[in-house]
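Hydrogens, waters and symmetry mates play no part in the numbers below; they use all other heavy atoms, side chains included.
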Amino acid sequence: MSEGTLIVGGSQAGVQLAVSLRQLGDTSPIVLVGEETRPPYQRPPLSKEFLAGRADLDSLAFRTPGFYADSGIDLVCGERVTEVSLSASGPVGSGVATTASGRELPFDRLALTVGADARRLPLPGAHLGGICYLRDHDDAVDLRARLATAANVIVVGGGFIGLEVASAARAAGPSVTVVEAADRLMARAVGPVVSEFYLRAHRRRGIDVRLSAGVTGFEGERGQVTTVELSDGTRLPADLVLVGIGVLPRTELAEQLGLTCDQGIVVDTHARTSDPTVVAAGDCTVQPHPMTGQGRVRLESVQNAVAQAQAAASTLLGRPNGVTPVPWFWSYQGDLKLQIAGLSADHDDQVVRGDPDDESFSVLYYRRNRLLAIDAVNRPADYMAVRKALGRGATIARDRAGDPTVPLKSLIGDPAAIAHRTDT
């Protein structure tokens, strides 16, 4: 009897992989195992709608309670896989996983969708109560309860999570300070123009933002945090601290299997690990750059988790697909909706469309006159036009993109034709 597919990790990628296998006609057993006691749920709303009280756990569930059984997916909750090994004598790719409780889960095919953990601050006082992280539902429940009574909130980290939590916290009433070690906000994700806009916008909304500021430790009384100490000697009063300084991919099981890991589980465009019988998807992976194929990147997004999971399912069924979708991301910080399509890291030119002072603008990024990406703030039509263009391998003429009266969708064209028009 076939043991089927074992998917380790009840994440967005894990659920999508199981669903994709069924959609592709796979009828063999599927076991989806996750360490949380509740069925898989969406994580991005935890720092937005859930924290603001506009969503509950039931509304975040990926699927209805009966979906998994109806689809022939054996959902195992509350079991953490601690060991996994491939068979030396059985069919290629088969093996067995063991959970912390001693349960054995045999498989013919293995997928790792184990996600990532919040990066911790190993500083004096980091054990104090009131110092929080936000990665799962329990974290969000605890943070939401603490926000109800907090007076001074310190957010360590000026990335998406930190600024989303800061926005929700400020709306609840307390004093909020964001401490960021880099010299600008969201430096890994957006260009300087957008960073500067968000700095000014959050300050206008009453959030104290401190850049180039490192945290050196915490102090407390009776086991609860009271002070955050900065590298310049500043001491900030705090009764609640949210640390949002990124994540660490979970690679322990991959390392047990001898798979190549480099700041994540290394996979190719088909979600294959260094052992082609094992696939991986989601935040635990690093992959070839989706736009250029050069180098490796780690993409922490719903879109990437879904796309990789679909590729992984095709690979497990012996039908690898070569489709590489355009990366896209979003961050809703109060009434400021940031939407990103493409990757801007290697740009050599940019066009600002609209006025940042109006809190509705976009920045288009180019390299050698070729469109790479967009950061759009409260301009969804611009975002969708660039996402469409990148998906078609098209571009948008740089010389006309800055005119906000001209819809970007009307400027989408063939790169060669636009280059010829520009040259002439």
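Identified under the side chain to side chain donor-acceptor pair (under 3.5 Å) test for residues 234-245, with sequence neighbours left out: Glu219-Arg235, Glu229-Arg235, Asp232-Thr234. Residue pairs meeting the side chain to side chain donor-acceptor pair (under 3.5 Å) criterion with at least one member in residues 338-353, sequence neighbours excluded, are Asp349-Arg398, Arg353-Asp382.
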Query raised in the report: Do Gln308 and Thr285 pass the side chain to side chain donor-acceptor pair (under 3.5 Å) test, and can you show the C-alpha distance, the side-chain angles, and the key distance before you say yes or no?
Result: CA-CA 9 Å; Gln308 274 194 317; Thr285 67; 3.0 Å; yes
Query raised in the report: Between Asp275 and Thr273, does a side chain to side chain contact (heavy atoms under 4.5 Å, CB included) hold up when you go through it step by step?
Result: CA-CA 5 Å; Asp275 181 335; Thr273 67; 4.0 Å; yes
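A salt bridge between Glu359 and Arg205 is present, with a side-chain N of the basic residue lying under 4.0 Å from a carboxylate O of the acidic one. Salt bridge Arg272/Asp268: present, at least one basic N to carboxylate O contact under 4.0 Å. The pair Arg144-Asp142 does not count as a salt bridge, with every side-chain nitrogen at least 4.0 angstrom from each carboxylate oxygen. Ion pairing between Arg298 and Asp262 fails under the 4.0 Å rule for side-chain N and carboxylate O. Ion pair Asp283/Arg43 not flagged as a salt bridge, since none of the NZ, NE, NH1 or NH2 atoms sits closer than 4.0 Å to an Asp/Glu carboxylate oxygen.
Residues Lys409 and Lys388 fail the side-chain proximity criterion, which asks for heavy atoms closer than 4.5 Å.
A donor-acceptor pair under 3.5 Å is formed between the side chain of Ser195 and the backbone N or O of Leu185. For Glu180 (side chain) and Ala182 (main-chain N/O), a donor-acceptor pair under 3.5 Å exists by modelled atom type. A donor-acceptor pair under 3.5 Å is absent between the side-chain atoms of Asp117 and the main chain of Leu248, judged by distance alone. The main-chain N or O of Leu24 is found under 3.5 Å from a side-chain atom of Arg319 such that the two form a donor-acceptor pair. Judged by distance alone, the side chain of Ser71 and the main-chain N or O of Ile73 form no donor-acceptor pair under 3.5 Å. With Thr315 contributing its side chain and His270 its backbone, the two residues share a donor-acceptor pair below 3.5 Å.
In terms of the ring pair (Phe, Tyr, Trp, His ring centres under 6.0 Å) criterion, residue partners of Phe50 (sequence neighbours excluded) are, by chain and number, His137. Among residues two or more places apart in sequence or in another chain, the side chain to side chain donor-acceptor pair (under 3.5 Å) test is passed with Ser20 by Gln16. For Ser360, the side chain to side chain donor-acceptor pair (under 3.5 Å) criterion is met by no residue, not counting sequence neighbours. Residues passing the ring pair (Phe, Tyr, Trp, His ring centres under 6.0 Å) test with Tyr68: none are found, sequence neighbours excluded. Partners of Tyr133 by ring pair (Phe, Tyr, Trp, His ring centres under 6.0 Å), not counting sequence neighbours: none found. Under the salt bridge (charged side-chain N to carboxylate O under 4.0 Å, His left out) criterion, Arg63 pairs with no residue at all, not counting sequence neighbours. For Arg250, the side chain to side chain donor-acceptor pair (under 3.5 Å) test picks out Glu35, with sequence neighbours left out. Considering only residues two or more places apart in sequence or on other chains, Phe62 meets the ring pair (Phe, Tyr, Trp, His ring centres under 6.0 Å) condition with none of them.
When all heavy atoms of Gly258 and Ser274 are compared, the closest pair comes out as O-OG, 4.3 Å. Scanning all heavy atoms of the two residues, the minimum distance from Ala169 to Val153 falls at CB-CG1, 4.4 Å.
Counted by atom type alone, Asp375 and Tyr365 present one or more donor-acceptor pairs between their side chains at under 3.5 Å. Ser212 and Asp183 share no side-chain donor-acceptor pair at under 3.5 Å. Under 3.5 Å, the side chains of Gln256 and Ser85 contain no donor-acceptor pair of N or O atoms. Side chains of Arg379 and Tyr383: no donor on one and acceptor on the other come within 3.5 Å.
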Under 3.5 Å, which donor-acceptor pairs link side chains of residues 325-333 to any protein atom two or more places apart or in another chain?
| unit_1 | atom_1 | unit_2 | atom_2 | d |
| --- | --- | --- | --- | --- |
| Ser331 | OG | Glu164 | OE2 | 2.7 |
| Ser331 | OG | Gln333 | NE2 | 3.0 |
| Gln333 | OE1 | His202 | NE2 | 2.7 |

Would you tabulate the side-chain donor-acceptor contacts of residues 171-179 under 3.5 Å, counting partners in other chains and residues two or more places apart, or write 'none'?
none

